[in-house]
Every structure is written in C-alpha cells, then in structure tokens.
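Right, one structure below, let's go through it.
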2 protein chains.
Amino acid sequence: MGYSDYTGEFKYSVDTKHRVNIPSRYRKIMTEENVSEVVISKGFDSNHIDVYPLPKWITLRDKITASMQLVNRTHRNFLRQFTQNANHCTLDSQGRIMLTPKLMELAGIKDNGNVMIIGMIDFMEIWDPDELEKHQENTPLTDSDFEKLEQLPLI
Amino acid sequence: MGYSDYTGEFKYSVDTKHRVNIPSRYRKIMTEENVSEVVISKGFDSNHIDVYPLPKWITLRDKITASMQLVNRTHRNFLRQFTQNANHCTLDSQGRIMLTPKLMELAGIKDNGNVMIIGMIDFMEIWDPDELEKHQENTPLTDSDFEKLEQLPLI
DNA sequence: GGTTTTAACCCATAATTACCCACAAATCTA
DNA sequence: TAGATTTGTGGGTAATTATGGGTTAAAACC
C-alpha cells in the first residue's frame, strides 16, 4: 500500500451487466502496486459501496480480527456484517468491476443508471448520485470541523 | 519542499480546453524540486481553487489522515469532503494544467475567461478575477484579526 | 444429462485527453 | 536598439478512456 492516493470524484455509468468503470488514474496506481483484485463491500454506515484494493482489505481485515473477541456478541455481529457483504472481484480487460445485485440494492444504485466514485486516499467509495447529494446536504462541514483542523499542528 | 517561495499575483486566460498557464517562475521552482504533478482542490473556505505541488499535498494529506479512524462516521465524512474535490494533474509540455468543470463551477471561473493566480509561499490559489476583488473588498484585515495573529507563535 | 443462466473475454466505437507544433508578445542580451 | 530567447496562447493529431455489445466458457438448475 503506502503511497496510493485515490482522490477526486468521478461519474460513470452502470451498464446492463452491472459493470462500472474504475478511474484510469486509480487503475494506474493499482498496476504500479501490482494489485488486480479489489474487495467491494457495504460501506460502514450508510448507503454506499466501499472498494478496497486487496492489500488495504487485508490490513483492514487483520486489524479487525486482531482486536476481535469471539465471545463478545457485538463483536460477532460486527464481524458478520463486515464480511457478509464483502465480495472479491477482479477488473476486466477494460478496467471495470461488476457490482452484485445485493450491494446495488443496499446502495440504491439503479440498473442502467449512474454512479459517483470518490477517492478516499487508500480506498474508494461508490455512490448513487442522488444518495450522495442527499448525504452531503445532511452533513455539511461545520465550524467545529474547521476548529479541529486548526488544532492540528501547522496546517 | 522546503524552499519553494511562490509569491505574487498573475493574470492568465482559461482556454476552451480549460487549460490554465502556471507562472514560469513557479515552473522553474517545481523543476528544481523535481515536481511535475500538482493536486488542485477546492479552497478550504471560499470560492477559489487551491493548487498544491505534490509534496505539499502529501504532507497536508498525511497531517489530516494521521488522526483518522475509518470506523468513525464523522472522520469519514470529513475525509470524503476533503478528497472529493482534489484532483491530481500534471503540467502539459507548455506548463499548463487542466481545470475540472466542477472546480471551475465552485470557483466561479468562466469558460474562456480569465483567472488570477496568487502565490501562497508553498502552494498557489486560482481565483476568478471578480470573485477575488469581491473577496478582498469584503474581508479587509481588521485590528482584531491582527490581535489574533499576534497570539500565534513567531509571526 | 441437457438446458438455461451467468460471467469472462474479445472487439468496436465515440468521446476525451495528452502530445505536438506553431506563432505572437514579451523579455532578455549583447 | 536589434536580434535572440522565453513565455503565453491556440489548435491539430494521435493516443487513451469510457462504454456498449457479441461470443464463448463456465456455473447453476432442473
């Protein structure tokens, strides 16, 4: 991992086969880092899809399983939700991934519609455009966010 | 980074392909520092574009992501807004960068219009000329601003 | 076991972007 | 001041990218 820097926002179509393009810059980063496989999963909170390049998935998985106590009910529930909707997939020769019906449903992504892909530095998110807009409207950056920023040394 | 010293104010045109020239002195600094890539992003507060030479972007990104937890909803929301409008771009052979439609829209920069580029020591800002003038008129530095500044170490 | 469904692979094309060359204006140099 | 160089700007062309569809191979399903 290390130096991946997925940033920006891209709009792509979802075709009838549920294929979604991955931004070409992201693909370049992945080939540089010898990654041809990603894990797509339900986003932690809300209605979108997370896309983890395999190495990122592995570290995430390890962090979670390391601190996990199997006897703890909440932990078990979290683990179940975490893995349940996680699907490995490889890019096709045009650089696309195929979404599963379940994840599309969860994210409100419509067949033959569009998606927004957002870079989150070391992974990506896939959103239905309407859901994203709704979410942004509901979570604007507040003054207190910026106050927190100011507390960081030297930004 | 270290010694970059972007200063001054420049006026350039935006052509039909959304290309904007980078001041030649800035380009010289960048080649000296082996930087051929920048990240353009929505400015923190207002309606302009920030241009970070890649090393500056990396340090900024690292400071912001250092204290982030992926399982924290607020953190994720903040990270998303931070990266969403950040686009990597490389200078073309004439030393220009290409603005994205979204950032132009956010900054009020008109197709085929002009921009002002302002040096901010280790990064740059791109403004629509009218927006800049308006902003300057509305936000003169007051005495109380300077009092706050005085509380900062070593200015 | 045969049929239907599903997914991988390949090819085609339109749109977009990167790359290259050109030229006028400004700046530098001798 | 005159010539040479650099700088800002525009446009054409080749390459890349996004997207669609057809075909074969592999599952899944009676």
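In the text below, chain A, chain B and the rest are named by the order of the sequence lines, each starting its count at 1.
To the nearest angstrom, C1' of D:dG10 lies 13 Å from CG of B:Asn21. Note: CG (B:Asn87) to C1' (C:dT17) measures 14 Å, nearest angstrom. Following rounding to the nearest Å, B:Ile97 (CD1) and D:dT9 (C1') show an atom-to-atom distance of 15 Å. Following rounding to the nearest Å, B:Tyr12 (OH) and D:dG10 (C1') show an atom-to-atom distance of 16 Å. Counting to the nearest Å, the C1' atom of D:dT17 and the CZ atom of A:Arg96 are 11 Å from each other. The CG-P distance, from A:Asp15 to D:dT19, rounds to 9 Å in whole Å. Between B:Met98 atom CE and D:dT17 atom P there is a gap of 13 Å when expressed in whole angstrom units. If you take CZ of B:Arg19 and P of C:dC19, they are 12 Å apart, rounded to a whole angstrom.
Listed candidates were D:dG8, D:dG11, C:dA12. Nearest to the side chain of A:Gln94 is C:dA12. Side-chain proximity of B:Lys17 to D:dG11, D:dG8, D:dG21: nearest is D:dG11. With D:dG21, D:dA18, D:dG8 as the candidates, the nucleotide lying closest to the side chain of A:Arg27 is D:dA18.
The aromatic rings of A:His135 and A:Trp127 lie tilted to each other, with the angle between the two planes from 30° to 60°. Taking the six-membered ring where the residue is Trp, A:Tyr26 and A:Phe10 present perpendicular rings, their angle passing 60° and hence far from 30°.
Summarising the local packing, CG of A:Leu70 is surrounded by 12 or fewer heavy atoms from other residues, nucleotides or ligands at distances under 6.0 Å.
Linking ILVMFWY side-chain heavy atoms closer than 4.5 Å, directly or via other members, places B:Ile22 and B:Met98 in two distinct hydrophobic clusters.
For A:Ser24, a side-chain nitrogen or oxygen approaches OP1 or OP2 of D:dT17 to under 4.0 Å. Side-chain nitrogen and oxygen atoms of A:Lys28 include at least one within less than 4.0 Å of the OP1 or OP2 phosphate oxygen of D:dT17. Contact annotation: A:Arg25 side-chain N/O to D:dT16 OP1/OP2 distance is not under 4.0 Å. The side chain of B:Ser13 contributes an N or O atom lying less than 4.0 Å from OP1 or OP2 of D:dG10.
Screening A:Lys11, A:Arg27, A:Arg96 for a side chain to side chain donor-acceptor pair (under 3.5 Å) with A:Asn21, the sole residue that qualifies is A:Arg27.
Across all strands shown, A:Asp92 has no heavy atoms under 4.0 Å from either base or sugar-phosphate atoms.
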